[in-house]
Structure formats: C-alpha cells, structure tokens
Amino acid sequence: MCGIIGYAGHRPAIPLLLEGLHHLEYRGYDSAGVAYPLGGKIQVVKSAGKLSLLENKIAGYPAQLATAGIGHTRWATHGLPVECNAHPHLSQNGRIAIVHNGIIENFQEIKDELAARGHVFASETDTEVLAHLIEEDKAQCSSWLEAFASALKRAHGAYAVAMIAADEPDVIYAARMSAPLLLGTGTGECFVASDIPAFLSYTRDVVFLEDGEIARLQKSRWEVFSLNDLKKLSKKVDHIAWDMQAAAKDGYRHFMLKEIMEQPRVITDCLSGRLVREGGAWKVRLPELDALPEPSHLHIVACGTSYNAGLWSRNLLENIGGIPVDLDIASEFRYRAPLLRKGEAVLVISQSGETADTLAALRLAKEKECPVIGLCNVVGSSIARESDVVLYTQAGPEISVASTKAMCSQMVMLTLLSLYFAQRAGRSDGELADALSSLPEQLSSILPGLKNRAEQLAVKYSASRNFFYLGRGQCYALALEGALKLKELSYIHAEGYASGEMKHGPIALIDAQFPTFALALDNELFYKVQSNIQEILARNGRVIALVQANGEKLADLGVEDLWQLPQAHPVISGFLALPALQLFSYATADYLGKDVDQPRNLAKSVTVE
Ligand code: G6P
C-alpha cells in the first residue's frame, strides 16, 4: 500500500528518495511526493499519477544540495488521488512535513479541535491533521522528538510515519504502530522505509522497528525510543543476505507464499477506516456507496478466483445485507442478454481490473443503464475507471499468477458490503463485526501451523492424479477455489463440487486412487457433509477433511487425514479455511517442482477473450 522512504546522509537525497520510491512501486500507488529541508525552509514537490510525473516536476526545483528528505507513494484512502492529497503534508506554519502509511482513525475529532483553534487544512487527509497536531504540541515540548511522540499518543489506528523539521535539516523522525517501517543503517547515512528493497542498494544493515517505537536518524547516528516514555531502547542490527529479487519476496521462496502469508496484513488494510467503532458500536464506512440508491437486486459478475469470491459472498449479501443476488461468469453474462431492471445494480469483481470478459460485462450493464459497482485491486485499472462506483480491495500488488491475497481481500470487502447494506436498513451484526476485527490476529496465529500441515499432506498426496473438493453453503465456493488452485499450480486434475451433487454423478469416480478434500467446518450443514464423507469412505475413497470442533465425529468414521482449524464465527471460518486450501496447493506444486509463480499457460491478467 503506501510506501515511505526517508534519508539522512552525505549524498544528494532526492535521487535516493526517488530510487527508493521506485523500489516501493510494487505496493501500488496513485500519487507520490518528496519533501526536503533547504535554506531554512521545507520544500515539497508532489504529483498525482506515476513517479515519472513527479520526476519531471522535481527537475525544475533546486534540490541538489539537500542531503536529507522524505518521500512517499500514496494509495488513496482518505480523499481522492489528487495532488493536494498526496504526501508529504506540511504543518500549519510549513515548518514540518510528514509522510504516513495507515489510517488515523480519530482524525476527524482531532481535525475539528484544531479547526476550532484556527487551523486551516489544504487536504482531505488524516495525515495532514497529524502534522498540524505535532506543530501545536511543539509549543509545550522541549524537542521535536517529544512533540512527535506526544501527537502520536493521541492518534488511534495503524500508522507508520516519517517527519522532517525545517530547523533540524539533517534529522528524520520515524514511528511505527501496526504498519511496516524499518531503518537502514549505512556508513555516514541512515534510511527509513516501508520495506527493505527501498534502500538495499546502499545498505544491508537493517533495524526492524516494533509497534510503539520511535526513531531519530542522522547521517552517523540513529536512536530508537519507546513511544510511551521516550526511554532509549537498545536494538539489534540485522544483516540482510538476500539480493534485490529475494528482498521483494520478503525472504519467501515464491511470491505466492509471501502473498498467502501476508493475508493478515491485507485484512487489516482492508478494514482500516472502513470498520470503525463509534459510540461503542461498529460502523461500516463505505462512503463511495452512500450516494447510490440501495439496489433491489445485485448481479455479481466475475471470472476465476474473483467469481469464487462472489459466490462465497452470496449468502452474506442476501442474509445479512438483505439484497437478492444472482451470479454470472463474465463470459456467459456478456452473451446471454441479461435482464437488468430499473433499481438493480451490477457488481463486477476483478483483481486486475483488466479482465476482458469482466470489462465487457461492465460495458453491457452500462449500455443497459444499470449502475455498476466495481470491486478492484488495481487502482486506475479499466474496470475501476469505468465503474460508476469503485471499491478498492487494497490488497497491494499481487505478483504470483494464482490469486490468493486478492481473494481474501475481496471476501473482506464483500462481508463489509453485506454489513453496510444491513446498516443502511437499520440492522447490525455486532458478533460478525467483532469477529472480523480480530481476524488478522487470529489468522496470523494459525498460518505457520497451516503451512506445516500443508507440507505434510502435500508429500502424502502428491502422486494423486485426481482430486475432488467438496463443500456446502459458503464452503462450496471454497471447494471450487481449492480445486482451481490445485489444478492451476500442480496440474493435478481437480474438481470442486457442491457436496449434495456427489450422488448425481461424481461418486461413480470414487476409488482408493481418487482422494477427496472435504470442507467439513462447524456450521449448520456439518452433518450433511458428514453423510457425504461417509458415502465416499464406503467406496474406499481417501479423505482429507478440514474441520473444527466437530472433527472428532469424523475421526470415528475413519477419515484418514483431519486438518484441524480453530473454532470461529461461521463466516470467519471461511477466512481460516482459505489459506489452508492455498497452502496445500502451493506445497503440492512446490513439492512436484512446478513453476509456482508462473504456471504454464496461465496469465495474471486475461485481457483477451
Ligand atoms: C486469471 C488469473 C486468475 C484470476 C482471473 C480473474 O485467470 O490467473 O487468478 O482469478 O484471471 O482475474 P481478475 O483480475 O479479473 O480478478
């Protein structure tokens, strides 16, 4: 998502900042900017759009003498992706500048207070509010470090921030709370960045900041303090042995694995500023949709994994959101002359925002004057631009061809959408909102165990030539996704089926060589799935069952491999099952020596029909 770079050293800062920003481009952005102290003032240069536009603009500024500065690539959250909302943001008197990644959840409250005291804001961002607050706090503090800490203590939410001040032109301040930020410590120069590749060409010595830590950097000195009491902390310097390409993979063997493992962070980013507590209750904020009349019917249209995410959400949108839903594969929808009535809306789901069939479906809906909501990951993509309203999934760039974290982010957004429609109708589901807010933590805690179990099962089942994936209800969509992932990556033939359909054909194929991956999670359909598993066992079929507490019941039946997930809210259980399916396919393909990130014959973005 947003990318931060800061430099204090002996070289011209601007080229280094721009180079760092290029290395952070993979995070996705829609505007960029830099700020540097020069001649007793702070100079800010920023631009909407790509870095090349910023580079062209900087060429006209006297920047060569600056040896410190901060830079930022922004992925819009508060306010449009326009120049005035791009970072860095200045304080009221223009004597400090900050860049920020994350969301200050209580920014409106602070903004109102500051406005009442005469502050005037140049942007719609939460970040600018923080800059103003730091400047105001400085009046009561003896140093910028104290003022920085004092303002941050008032900020709620997730953030990584870097700051420069005009009267300390060789110093960078930085702080981290639930958003990535680390220091690079070179000889006569220090860096701060959202990710290692931003400075890896200059130093491999890295200090990882923890939540609640604040740093002060100069060219030959760096210090880290605790945000709470400004006590100096002793920090370890790690030496990075990876090269640039491996660094982009964050140390993982493949992008796919990295993307699976970063799903907790993706969920946090997706929820940030959208699921908020107000007056003791959960509120869903999707301001993009506020002006859209509530649709009487929603037609979901998508391809591949995005279609599976749509299918997964149907029950939620209907039962929680109260909106009738039908679903189409985009290549079918575009040619079947769909009946779209007044008051209805089309929801297109696409990670890339460029899938040809989905785009054609969108255009068809618009031709029929049906409003289109786009659910996209890539900012500024065709689908994002052509939709009447766009909701960004904010998963960050997905590089592996097989989609993983994008589906997770789509599922989060679709859950939020269901809660949002419920809220508009005066209903709420506090239990689901609670469970959703603690999902990132819960998922983080189980991912390493899921990876180990996936590796064991992959070795055991990798010789299979065929696989069934079975599930009911929302788990039917996950069964389709599990089968899709396995065939995409490992080239093992796999079919996803609604468990209840087994008897209508597929059961004829079951024998000891044809294993089944059953999603038997704890929900009202568990006993139905259990019966289907019994039927498979009765035909000597081998079964892997993804289970929760009810798993014991399947152990008694003789299921060969139980894969245990913790108990969770039934909707949230899907988010725990998804990485298990992804990791099983990943581990199988990796064990078989397949090209995991770029499977044969497949493309990340299918821009032709
Ligand atoms: C391709 C990709 C899939 C993706 C599908 C839809 O087939 O390989 O991973 O699910 O396109 O892509 P979209 O970008 O529209 O979500």
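Order of listing sets the numbers, starting from 1, for every ligand and every atom in it. All of these numbers come straight from a predicted model, not from anything done at the bench. The first residue in the sequence is number 1, and the count goes up from there. Keep in mind that the numbers below use all heavy atoms, side chains included, and drop hydrogens, waters and symmetry copies.
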*asked:* Around atom CD of Gln598, are there more than 12 heavy atoms from other residues, nucleotides or ligands closer than 6.0 Å?
replied: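 No, not enclosed.
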*Would you confirm whether Ser31, through its side chain, and Glu83, through its main-chain N or O, come within 3.5 Å as a donor-acceptor pair?*
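Judged by distance alone, no pair lies under 3.5 Å.
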*N-O pairing of Glu455 and Lys451 below 4.0 Å*: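 Yes, Glu455 and Lys451 are salt-bridged.
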*Do Arg465 and Ile492 come within less than 4.5 Å of each other through their side chains, counting heavy atoms only?*
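The answer is yes; the side chains approach within 4.5 Å.
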*Hey, are the side chains of Phe333 and Leu364 touching, using non-hydrogen atoms and a 4.5 Å cut-off?*
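Touching, per the 4.5 Å side-chain cut-off.
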*asked:* With a 4.0 Å heavy-atom cut-off, what residues sit around ligand 1?
replied: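 The answer is Cys303, Gly304, Thr305, Ser306, Ser350, Gln351, Ser352, Thr355, Val401, Ser403, Ala603, Lys604, Val606, counting any residue whose heavy atom sits under 4.0 Å from ligand 1.
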*Could you give me the CA-CA distance, side-chain angles and deciding distance for Glu354 and Ser382, then say whether side-chain hydrogen bond (donor to acceptor under 3.5 Å, both in side chains) is met?*
CA-CA 6 Å; Glu354 301 295 348; Ser382 305; 2.6 Å; yes
